[in-house]
2 protein chains.
Amino acid sequence: MSDTPPPIPDAAGRTVTLDDVARIAKVSAITVSRVINRPHLVSERTAKRVRSAIARTGYVPNLLAGGLVSQRSRLVIALVPSVANPAFTETMTHLGTRLAAARYQLLLCQSELPHQEESTLIDAVLSRRPDALVLTKPLSTPTARQRLLARGLPVVESWELNADPIEALVGFSHAAAGAAMARHMLDHGYQRIGLLWSEDQRAETRRRACLETLIEAGVAVGAQAAVPVPVGMRHGREGLARLLEMDPRLDAVICSIDLLAQGVLAEAQARGLRVPHDLGVLGFGDFEFAAHTHPRLSTVRVDSARIGELAADHLLRRLEGDKPTSLVHDVGFELLVREST
Amino acid sequence: MSDTPPPIPDAAGRTVTLDDVARIAKVSAITVSRVINRPHLVSERTAKRVRSAIARTGYVPNLLAGGLVSQRSRLVIALVPSVANPAFTETMTHLGTRLAAARYQLLLCQSELPHQEESTLIDAVLSRRPDALVLTKPLSTPTARQRLLARGLPVVESWELNADPIEALVGFSHAAAGAAMARHMLDHGYQRIGLLWSEDQRAETRRRACLETLIEAGVAVGAQAAVPVPVGMRHGREGLARLLEMDPRLDAVICSIDLLAQGVLAEAQARGLRVPHDLGVLGFGDFEFAAHTHPRLSTVRVDSARIGELAADHLLRRLEGDKPTSLVHDVGFELLVREST
DNA sequence: GCTAACAATGACAGCGCTGTCATCGATGGT
DNA sequence: ACCATCGATGACAGCGCTGTCATTGTTAGC
């Protein structure tokens, strides 16, 4: 029956407000606000008094109230599929660091929780009134896109160069990457190539381009296998087993992601296949481990950090008041030839 | 006055407010609020009208305003060192899912950004007025602890059972884990054990317990090496090289974390050392890959998901109004014997 | 000495929402 | 028929802060 939840327990009475600080510092509330937000407008003498009052009371500003009136929450929300995915780590770190320097706070929202619909998620995110949004993959729901567009919220979509951006795009061409991967294998003279691929949109784009390039060159694609997301090393091992069953004479495997390639490496080793002599292996992503497997993994490197920095730069420009420019920034990629091909 | 056509949503660029919806649905603002937050208080007939008005206008509630007056933001913030760390993935997923079911939103805050001081971070987090906090490691700054205590905010510290919790603790004993790791190696008859350890507080706790147990048993600890955080597979490879330099006759290596163990596996392989015959390897964490390396990695498994669930349960109880009980929940750990020892 | 310009501070309103209490019929027990 | 109860709805105030404009010294310029 008690559907009115009791207010959050308030250990020592009321929480300290701006007015409390003002009273103690013997200034008006607005002056305290200025000390915090625009200190250059306040004399050093007054500011010192105010800061000491803040310290004494342990005052922590209420950004709900501040954001409500100023229409700026100083909050940027980034949607990541899950914290599991190491691909976005660098992006988020650099994004967060750069935003923090401009007094914006980056909070991450996991977008791939079970029972969570995309448009519901977006509404939940928007209800916090963030000043900007960073997406690590494009929105699939039209209504969700609509909402963002309608709100005119600064948005960066990243890790992809899709056709129809909401506003800004920082990423690279997955098709080009897929083709480059194929070309690399062709250059190395592989003849019967297997494709091990994870079932996600972007990987699929790379796969298609890769396959096309291979076929154009007249090289046999001996076998293909798809694995479900989220992918793990396990899928790599199982995947190679499946591929080899389909075509025991495979001389190379191209993987949609390093995690799979790592699994392939392990399975190859378990079967006594020597990489790259018996089997070439190519990954994608250049995760930390890729440079330290045995043999070291050839892969495609994407400048994850740079994506974060460019996203931050764009957002900060927008937040300074610049018009929504339709920036499309291709950070490219780099094929790292190591020991597995 | 009754025949004015419904206003076009948001024609003037103003964002839609509760009042706009109320006007269109011909009810009072508070009724719209109730439809959203306590629908059981509203008749189905009215609710339907209101929901259609919400849909027509694309209204998204402003939680800044709502939170300001109700003193509940329905926001839970979790501090994670960085999204890089896969250890917390499961915890966060389960935590987030459970909180979402109770209409709380989980946002993640990276706590290990450069130039970010702990107490500053805590203040930034608190300024959002979250309803609760989840920490993945204990606060080191006394002032930061103070702030939380003073505010009476529901807090769960996790992944550890430290002596002096702020409120609730969900984790396991790192000392016990370290000792168990040592005992496992002793049981397997290893004689000259190397320790490869990352420089973080918890790993250090495990190392000490591990070392003590080894020494008590009179087993030689041939060599020890520390690696900086954040650790990667690279440190595992380099680490084994260093250990072997110190003591070429090492017959086993205990690692503070699976990532290192994986690197050790690779380096061992590169040097033609057979695992576990020539060298036993033990990891910690049971990351996804651990079960799929070659050979499969023996390690210590922690129920990451359960930590998240227990944390959610505690918070939810607290948010329902329960008194701050000083819960300490030990989720334990499990030594997984696979092929590397 | 007088005005203009500026620096420093304050008063006030109101952001968008919900807690609280009030109101008004409908229902049911006696 | 009468009161108590309950379900459905609304009026109003105010959460804590900042945008805006007003006010008060203070200094520079002539």
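We name chains A, B, ... by the order of the sequence lines, and we start the count at 1 in each one. Not measured: the values here are computed from a predicted model. Atoms considered below: every heavy atom in the structure, side chains included; atoms not considered: hydrogens, waters and symmetry mates.
A:V60 has its side chain within reach of B:R129: a pair of non-hydrogen atoms, C-beta onward, lies under 4.5 Å apart. Within the 4.5 Å cutoff, no side-chain heavy atoms of B:L63 are placed close to those of A:L64. Considering only heavy atoms from C-beta on, A:T136 stays 4.5 Å or farther from A:T91 through its side chain. A:Q110 has its side chain out of reach of A:P81: every pair of non-hydrogen atoms, C-beta onward, lies at least 4.5 Å apart. Between A:L316 and A:Y104, some side-chain heavy-atom pair lies under the 4.5 Å cut-off. Side chains of B:V328 and B:L161 form a contact here, defined as non-hydrogen atoms less than 4.5 Å apart.
Rounded to an integer number of Å, the gap from A:I30 CD1 to D:dT23 C1' is 15 Å. If you measure from atom CG of B:N62 to atom P of D:dC17, you get 16 Å, rounded to the nearest angstrom. A:L64 places its CG atom 12 Å from the C1' atom of C:dG16, with the value rounded to the nearest Å. A:R128 has its CZ atom 14 Å from the P atom of C:dC17, to the nearest Å. In this entry the distance linking CZ of A:R129 with C1' of C:dC15 reads 11 Å, nearest Å. For the pair B:R72 CZ and C:dC17 P, the interatomic distance rounds to 18 Å; values are reported in whole Å. Computed from coordinates, the B:L68 CG to C:dG16 C1' distance equals 9 Å when rounded to whole Å. Here the P atom of nucleotide D:dA13 and the CD atom of B:Q71 are 20 Å apart, to the nearest Å.
For the pair A:S28 and C:dA11, the criterion of a side-chain N or O lying under 4.0 Å from OP1 or OP2 is not met. Contact check, B:T31 against D:dG10: a side-chain N or O comes under 4.0 Å of OP1 or OP2. OP1 or OP2 of C:dT9 sits under 4.0 Å from a side-chain N or O of A:T46. For the pair A:Y59 and D:dG16, the criterion of a side-chain N or O lying under 4.0 Å from OP1 or OP2 is not met. Close to D:dT18, at under 4.0 Å from its OP1 or OP2, lies a side-chain N or O of A:S33.
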Task: Criterion salt bridge (charged side-chain N to carboxylate O under 4.0 Å, His left out) on B:R74 and B:D131, from CA distance to verdict - done: CA-CA 6 Å; B:R74 305 210 77 90; B:D131 286 342; 5.9 Å; no

Task: Test log, rule side chain to side chain contact (heavy atoms under 4.5 Å, CB included), inputs A:E90 and A:E309 - done: CA-CA 10 Å; A:E90 286 289 298; A:E309 288 169 358; over 6 Å; no

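Crowding of B:E44 atom CD: a count of heavy atoms from other residues, nucleotides or ligands under 6.0 Å exceeding 12.
By the 4.0 Å N-to-carboxylate-O rule, A:K137 lies too far from A:D200 to be salt-bridged with it.
Of the candidates D:dT20, C:dC17, C:dT20, the closest approach to any side-chain atom of B:V69 belongs to C:dC17. Minimum atom distance to the side chain of B:L18 is reached by C:dC17, of the listed D:dT9, C:dG16, C:dC17. Side-chain atoms of A:A65 lie closest to D:dC17 of the nucleotides D:dC17, D:dG19, D:dG10.
At a non-hydrogen distance threshold of 4.0 Å, A:N37 from residues 34-45 of chain A come into contact with DNA chain D.
The rotation axes computed at either terminus of the helix from C:dG1-D:dC30 to C:dT30-D:dA1 lie 30° apart, taking five pairs at each end and rounding to 10 degrees.
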